[in-house]
Q: 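My questions all concern the structure below.
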Amino acid sequence: MTEKKEDKMKKIISLAKRRAFVYPSSEIYGGFASVYDYGPYGAELLNILKSQWWKYMVQFREDIVGLDSGIFMHPKIWEASGHVGGFSDPLTECKKCNLRLRADHLLEDAGVFADEKMAEEEINKIFFDNLDKIKCPNCGGKEFTDIKKFNLLVKANLGNFTGDWTKEPCYLRGETCQGIYVNYKNVLDSARVKIPFGIAQIGKAFRNEITARQFIFRTREFEQMEMQYFTRPEDEMDEYEKLREYRWDFYIKHLKIKKENLRWKKHENLVFYAKEAYDIEYNFPFGFKELEGVHARGDYDLSQHEKFSGQKLSYKDPKTNKEFIPHVVESSVGIGRMVLALLTEAYTEEEVNGELRIVMKFPKKLAPVKVAVFPLLKNKPELVSKAKEIFNELKMHFMCEFDDNGNIGKRYRRQDEIGTPYCVTVDFEALEDESVTVRDRDSMKQKRIKTSELLEFLKNDPEIEA
Ligand code: GAP
């Protein structure tokens with residue numbers, strides 16, 4: 001990581017905390033590794049992203065429906081899915097400082113290809129063959145323990161009152177899509193869908209990640225937005241290509257992420273059931289890394305659930321009467337990673353009149369607050385009451401904020417750091433001519449608008465979305 005990139009990451013983390021986007025978990029108790037809390041603007045951003053994803057994946061599509069399944073499920077589901085047996089990362093420990101580390105990440109940082117799917121023996125060999133290139137990122141130590149695969153599923157005692165629940169645990173879900181597979185038949189029988197169709201879901205997932213890394217990029221509790229599309233076997237790869245294109249367009253056209261900050265990465269080492277897998281990578285401050293996965297999963301998931309549940313999960317084609325297990329193509333993204341990509345994309349430093357201006361240039365429809373309303377002076381009741389009147393009207397249409405703290409310059413700076421597209425100021429002129437000053441976040445240009453035309457002006461901005 002170059003110093004400049006590290007700098008940008010630090011600046012984003014600092015702004016995220018200072019401006020109520022993201023807080024470290026349990027801070028007053030000394031923190032809790034790899035979990036983060038979203039503050040008032042972060043929560044707003046999460047809700048906006050979820051609703052934009054839902055709109056794009058469900059509302060815009062006649063062939064995709066939504067689902068909200070439980071976090072807890074029958075433990076056998078995780079045996080069927082392969083998570084109990086094989087959902088693991090390669091763990092090693094620095095012998096000097098005892099820090100636990102992911103061996104594949106250490107190799108990756110040293111420029112040696114490795115990934116978490118490699119067998120224990122294989123990764124041990126690569127690791128110790130390349131030991132001269134590897135050092136502990138914490139203490140610089142060069143000695144490490146043998147690599148062991150560590151299962152990532154988080155265990156729980158839900159409904160188990162035996163005292164020793166570890167023998168028969170249930171699990172917090174490691175991915176949301178298993179809830180989709182086990183409800184595939186319910187949806188098929190009750191929601192008037194026909195193959196090909198998709199089921200979309202947003203929800204929490206939990207993984208015992210070995211290393212806390214890169215802020216909200218890799219956390220132990222995170223939210224996924226996943227869509228599983230059920231196809232005829234012979235159509236799987238065509239649907240896969242269509243889904244790749246559709247998801248790429250989501251970032252470029254729908255979220256307006258710069259093309260040069262995104263790229264495709266093909267998986268070289270596929271999980272045994274996958275036919276093809278690509279990541280959409282984003283240019284985070286620490287380099288291009290996985291933002292979203294788009295995978296062709298074949299009939300593995302439904303076949304496994306058919307085998308383990310004993311229930312028939314095949315589909316009878318109404319046209320041909322042919323019976324088959326649908327094949328699945330999926331799109332899967334963590335919202336935390338999407339938030340980090342957007343914070344990175346929006347973070348802008350500018351010099352204005354010799355001073356630094358930090359401004360979050362979110363696309364207007366993604367900005368947590370759309371309009372801020374200020375009375376010019378806090379101690380002039382006539383200005384305050386006029387500004388309140390305008391705020392009370394606008395808040396019924398947009399997420400708005402009323403601010404009468406400090407001078408106007410400070411209020412602008414605060415709204416710039418939150419990314420608010422418009423600031424409306426009520427000054428003395430406003431009391432005489434029934435107009436206000438509207439300041440644009442990006443150009444910083446101000447114009448006067450009649451109070452009676454303000455709502456219409458904002459609503460007519462095609463980029464803002466209520
Ligand atoms: N259902 C497929 C699946 O879960 P994955 O590659 O393990 O595949 C999909 O995860 C996406 O979930 C990733 O591309 C990433 O956006 C997000 N994700 C995975 N692990 C994460 C973690 N520990 N923290 C934050 N996001 C994570």
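Residues: numbered from 1 along the sequence shown. One-based numbering, in listed order, for ligands and for the atoms of each.
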Q: Is it possible for you to check whether Arg247 lies under 6.0 Å from the centre of the six-membered ring of Tyr56, through NZ or CZ, and within 45° of that ring's axis?
A: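 The answer is no; the distance or angle limit is not met.
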Q: Hey, looking at atom 27 (C) of ligand 1, which of Tyr282, Phe222, Phe206 has the closest heavy atom?
A: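 Of the listed residues, Phe222 has the closest heavy atom.
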Q: Which of the numbered atoms in ligand 1 are under 4.0 angstrom from any heavy atom belonging to Arg297?
A: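 Per the distance check, 1 (N), 2 (C).
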Q: Looking at atom 9 (C) of ligand 1, what's its closest protein heavy atom, distance included?
A: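 The protein heavy atom lying closest is Ser332 OG, 2.9 Å.
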Q: Which pairs count as salt bridge (Lys or Arg N to Asp or Glu O under 4.0 Å) when at least one residue sits in residues 132-141, sequence neighbours excluded?
A: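 For residues 132-141, and leaving out neighbouring residues, there are no salt bridge (Lys or Arg N to Asp or Glu O under 4.0 Å) pairs at all.
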Q: Under 4.0 Å from a heavy atom of Glu292: give me the atoms of ligand 1 that qualify, with their elements.
A: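 Counting from 1, the qualifying ligand atoms are 14 (O).
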Q: Number the atoms of ligand 1 from 1 as they appear, then name those within less than 4.0 Å of a heavy atom of Phe217, with their elements.
A: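 Heavy-atom distances to Phe217 below 4.0 Å select 24 (N), 25 (C), 26 (N).
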Q: Near Glu330, which atoms of ligand 1 are under 4.0 Å from a heavy atom of that residue?
A: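 Every atom of ligand 1 under 4.0 Å from some heavy atom of Glu330: 1 (N), 2 (C).
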Q: Taking non-hydrogen atoms only, is Thr176 closer than 4.0 angstrom to ligand 1 via side chain, backbone, both or neither?
A: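 Neither; nothing of Thr176 gets under 4.0 Å from ligand 1.
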Q: Ring of Phe206, cation from Arg173 - is the NZ or CZ under 6.0 Å from the centre and inside 45° of the axis?
A: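 No, Arg173 and Phe206 do not form such a contact.
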Q: Measure the distance from atom 8 (O) of ligand 1 to every protein heavy atom, then report the residue, atom name and distance (to 0.1 Å) of the closest one.
A: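 So the nearest neighbour among protein heavy atoms is His295 CE1, 3.9 Å.
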Q: Please list the nearest protein heavy atom to atom 19 (C) of ligand 1 with its residue and the distance rounded to 0.1 Å.
A: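 Checking every protein heavy atom, the shortest distance to atom 19 (C) of ligand 1 gives Arg207 NH1, 3.4 Å.
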Q: Near Val333, which atoms of ligand 1 are under 4.0 Å from a heavy atom of that residue?
A: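 Result: 16 (O).
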Q: Check this for me - ligand 1, Gln228, N or O atoms closer than 3.5 angstrom, yes or no?
A: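 N/O-N/O distance below 3.5 Å does not exist for this pair.
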Q: Where is the nearest protein heavy atom to atom 12 (O) of ligand 1: which residue, which atom, and how far?
A: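 Here the nearest protein heavy atom works out to Gln224 NE2, 3.2 Å.
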Q: What part of Met338 sits under 4.0 Å from ligand 1 if we count only heavy atoms: the side chain, the backbone, both or neither?
A: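 Met338 to ligand 1: no contact under 4.0 Å from either part.
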Q: Heavy atom under 4.0 Å from ligand 1: found in Cys177's side chain, backbone, both, or neither?
A: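 Only the side chain of Cys177 comes within reach of ligand 1.
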Q: Which bit of Glu175 is near ligand 1, meaning a heavy atom under 4.0 Å away: side chain, backbone, both or neither?
A: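 Side chain only; the backbone of Glu175 stays clear of ligand 1.
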Q: Out of Glu290, Glu226, Arg337, whose heavy atom sits nearest atom 1 (N) of ligand 1?
A: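 When every heavy atom of Glu290, Glu226, Arg337 is considered, Glu226 comes closest to atom 1 (N) of ligand 1.
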Q: Listed by chain and number, what are the side chain to side chain donor-acceptor pair (under 3.5 Å) partners of Arg413, not counting sequence neighbours?
A: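 Residues passing side chain to side chain donor-acceptor pair (under 3.5 Å) with Arg413: none at all.
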Q: Would you mind telling me if ligand 1 is within reach of the side chain of Arg220, the backbone, both or neither, using heavy atoms under 4.0 Å?
A: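 No part of Arg220 comes within reach of ligand 1.
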Q: Could you tell me whether some N/O pair between Arg218 and ligand 1 is separated by less than 3.5 angstrom?
A: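 The answer is no, given that Arg218 and ligand 1 share no N or O pair closer than 3.5 Å.
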Q: Taking 4.0 angstrom as the limit and counting only heavy atoms of Gly293, give me the atoms of ligand 1 inside it, by number and element.
A: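 The atoms of ligand 1 under 4.0 Å from a heavy atom of Gly293 are 14 (O).
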Q: May I ask whether Gly336 has any heavy atom positioned less than 4.0 angstrom from an atom of ligand 1?
A: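 Contact absent.
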Q: Pick, from Glu209, Glu221, His267, the option with the minimum heavy-atom distance to atom 23 (N) of ligand 1.
A: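 Among Glu209, Glu221, His267, the closest heavy atom to atom 23 (N) of ligand 1 comes from Glu209.
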Q: Can you list the atoms of ligand 1 that are under 4.0 Å from a heavy atom of Gly334?
A: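 Counting atoms of ligand 1 from 1, those under 4.0 Å from Gly334 are 12 (O), 15 (C), 16 (O), 17 (C).
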Q: Taking the six-membered ring of Phe222 (Phe, Tyr or Trp), confirm whether the NZ or CZ of Arg207 is under 6.0 Å from its centre and within 45° of its axis.
A: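 Negative - Arg207 is either too far from the ring of Phe222 or too far off its axis.
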Q: Does even one non-hydrogen atom of Glu116 get within less than 4.0 Å of ligand 1?
A: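 No heavy atom of Glu116 comes that close to ligand 1.
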